[in-house]
Peer 1: 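Supplied in structure tokens, the structure appears directly below.
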Amino acid sequence: MAEQGITPRDQDFSAWYNDVIMRAELADYSPVRGCMVIRPNGYGIWELMQSGLDGMFKETGHQNAYFPLLIPQSFLEKEADHVEGFAPETAVVTHGGGKELEEPLVVRPTSETIIYAMFGKWIQSYRDLPLLLNQWANVVRWEMRTRLFLRTTEFLWQEGHTAHATDEDAQTETLLILGLYRKFAEEWMAMPVLTGAKTDSEKFAGASRTYAIEALMQDNKALQAGTSHHLGQNFAKAFDVQYQTASGERDFVWSTSWGVSTRLVGGLIMTHSDDKGLVCPPKLAPIQVVIVPIWRKDEERDSVFSAAGEVEADLKASGIRVKSDLREGMKPGAKYYEWEGRGVPIRLEIGPRDIADKQVMLARRTGGKDPAPLAGLAETVQGALEEIQQHLFSAALARREARTRRGVEKDELVEMMNGDGGFAYGGFCGKEDCENAIKDATKATIRVLPDEEFQSKETPKKCAWCGETSQVEAVWAKAY
RNA sequence: CGGGGCGUAGCGCAGCUCGGUAGCGCGCCUGCUUCGGGAGCAGGAGGUCGUGGGUUCAAAUCCCGCCGCCCCGACCA
């Protein structure tokens with residue numbers, strides 16, 4: 001046994017999750033409590049996520065900017081709900097250069113406040129709107145309990161902040177981003193998500209409305225994978241961000257904020273990986289193809305290495321992220337295990353027999369191994385990568401649907417949430433009392449009030465808890 | 001902060017009950033033989049036993065304090 005084993009999912013999902021991260025060398029615990037080190041394999045996934053998302057933001061007219069890490073404490077206190085939500089979890093700098101600061105500086109838990117302070121300077125006219133900014137940054141939230149990628153004290157994310165002339169424009173923006181997040185989750189991460197609005201009790205501190213994408217993990221718990229907030233005029237009023245309209249009046253801007261974080265990496269792991277280690281969707285795999293040469297004698301090694309080099313160059317030329325594993329003194333089987341653990345989607349084995357037959361063996365991380373002719377190999381591999389991407393999405397979608405129940409009433413909701421979990425659709429009267437009662441009884445929360453596309457054909461008539469008239473359909477689940 | 005587990009070599013652990021010169025597996029280094037699913041043999045390097053105090057001729061082991069980590073809950077992206 002070369003390395004320690006991975007705890008099976010059905011034995012202990014949390015242990016499995018940590019084992020996969022360690023085996024794939026995605027991250028490691030750091031000397032700082034609650035903070036992780038993102039290792040090259042994990043950071044490579046994040047970089048690909050960044051690049052995919054960044055492209056979408058720019059295509060839709062957003063620009064990147066950067067604001068300070070440190071925020072005057074008084075800024076955070078200007079918006080009542082915001083301070084209430086974030087004050088308990090901030091890290092505060094009280095000293096600098098050996099002296100106590102006149103005003104403490106908060107390490108940003110999110111950047112609304114400092115950004116609106118600047119928006120106030122930059123926005124005078126309706127001609128300055130919309131202002132569409134995004135920043136890639138780190139933030140700090142002093143959480144009580146942390147988990148690698150899912151909740152760390154410091155985490156990496158992007159936060160978009162936009163200002164608009166009208167409520168409608170801000171609403172359109174909020175939903176545009178929600179749609180981008182969904183597209184990214186589904187097309188890049190192969191992770192199906194529900195979209196919808198949050199209830200008041202789950203919405204962002206300071207927002208008028210919060211929308212989210214929610215995914216179902218393999219342990220049937222939900223993961224909030226991204227949020228998009230309509231902030232109304234709350235922050236504009238707190239920071240006095242006004243503009244002059246075309247007709248000459250003054251008005252506060254309407255604004256939005258939205259973000260996804262390194263938590264997405266955790267979602268990716270828990271959506272696709274198996275008991276052998278990470279399974280990475282090809283679009284986000286830092287290494288999409290690994291070439292493992294096989295040989296006995298020296299002269300075989302030479303010819304196999306040269307064949308591997310040609311295949312590598314061929315695939316690279318087609319834009320495939322490929323690596324040759326030329327390490328000597330390591331048997332092929334050992335390499336297979338290592339690359340499987342790291343989630344590389346495709347492995348190409350090249351030995352003397354393959355060279356003689358003008359082929360390679362193509363093994364998929366998701367199962368199956370077949371010969372593939374050298375002629376047209378790049379196209380074959382490209383096709384296989386696309387199939388794997390598709391297959392992962394379909395499998396995840398099927399898993400979610402198998403764990404989804406619609407039209408649940410009290411008994412089924414309780415049984416499901418206290419049992420195997422999953423997404424439970426049911427009627428909701430809209431009262432916070434019912435929401436809380438369900439949470440107390442099952443630890444489940446309303447993940448979203450689903451968008452039309454996800455709503456049930458038969459609209460629930462009664463609240464799943466109290467039985468009174470339902471105002472809206474809700475989706476419950478236990479969540480990370 | 002409450003409950004549970006744990007700190008001994010890079011990693012995973014044994015040793016602790018009953019005190020007496022620190023051990024195993026993996027990994028690492030060197031060499032030879034191997035190589036189509038986790039290689040074998042030989043030699044070798046590597047440890048203030050989390051930390052501070054106490055008991056003792058003698059502490060990884062017994063006693064007291066502290067620190068840290070993981071898991072489950074409350075808080076949350």
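What you are looking at is a predicted structure, and each value in this text was computed from that prediction instead of being measured. By convention in this document, chain letters (A, B, ...) are assigned in the order of the sequence lines, proteins followed by strands, and residues within each chain are numbered from 1.
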Peer 1: Please report, rounded to the nearest Å, how far the P atom of A74(B) is from the CD atom of E143(A).
Peer 2: 13 Å
Peer 1: Expressed as a whole number of angstroms, how long is the span from E159(A):CD to A77(B):P?
Peer 2: 14 Å
Peer 1: Write down the distance between OH (Y211(A)) and C1' (A77(B)), rounded to a whole number of angstrom.
Peer 2: 19 Å
Peer 1: Do T162(A) and T256(A) have a side chain donor and acceptor closer than 3.5 Å?
Peer 2: yes
Peer 1: Measure the distance from CG on L53(A) to P on A77(B) and round it to the nearest whole Å.
Peer 2: 19 Å
Peer 1: Using the C1' atom as the reference point in each nucleotide, state the distance between U30(B) and G53(B) in Å, no decimals.
Peer 2: 45 Å
Peer 1: Rounded to whole angstrom units, what separation is found between the CD atom of Q359(A) and the P atom of G36(B)?
Peer 2: 17 Å
Peer 1: Please state the P separation for the pair C66(B) and G2(B) - nearest whole angstrom.
Peer 2: 12 Å
Peer 1: Can you tell me the distance, in whole Å, between the CD atom of E300(A) and the C1' atom of U34(B)?
Peer 2: 13 Å
Peer 1: For F235(A) together with W254(A), are the ring centres under 6.0 Å from each other?
Peer 2: no
Peer 1: Applying a 4.0 Å non-hydrogen cut-off, can you work out what T210(A) is touching in the nucleic acid: base, sugar-phosphate, or nothing?
Peer 2: nothing
Peer 1: Please classify the nucleic acid contact of K369(A) as base, sugar-phosphate, or nothing, using heavy-atom distances under 4.0 Å.
Peer 2: base
Peer 1: Could you name each residue pair satisfying side chain to side chain donor-acceptor pair (under 3.5 Å) that touches residues 67-91 of chain A, not counting sequence neighbours?
Peer 2: S74(A)-E103(A)
Peer 1: Rounded at 0.5 Å granularity, tell me how far OG1 in T271(A) sits from CG in L397(A).
Peer 2: 12.0 Å
Peer 1: What's the CD1-P distance between I294(A) and G36(B), to the nearest Å?
Peer 2: 7 Å
Peer 1: Can you tell me, in whole Å, how much space there is between the C1' of G50(B) and that of C35(B)?
Peer 2: 43 Å
Peer 1: Scan L150(A) against the nucleic acid and name what it touches under 4.0 Å (heavy atoms): base, sugar-phosphate only, or nothing.
Peer 2: base
Peer 1: Want to settle it: does V360(A) or T227(A) sit nearer the 5' end of RNA chain B, counting the closest nucleotide to each?
Peer 2: V360(A)
Peer 1: Would you indicate what P352(A) reaches in the nucleic acid, counting non-hydrogen atoms under 4.0 angstrom: base, sugar-phosphate, or nothing?
Peer 2: base
Peer 1: Please state the P separation for the pair G43(B) and C49(B) - nearest whole angstrom.
Peer 2: 29 Å
Peer 1: For a quick check of understanding: with a heavy-atom distance under 4.0 Å over all strands, which category does N18(A) fall into, base, sugar-phosphate or nothing?
Peer 2: sugar-phosphate
Peer 1: Between C71(B) atom P and Y480(A) atom OH, what is the distance in whole Å?
Peer 2: 11 Å
Peer 1: Can you establish whether the number of heavy atoms outside K297(A) located under 6.0 Å from its atom NZ is more than 12?
Peer 2: no
Peer 1: Between the side-chain atoms of E338(A) and the base atoms of G37(B), is any donor-acceptor pair under 3.5 Å?
Peer 2: no
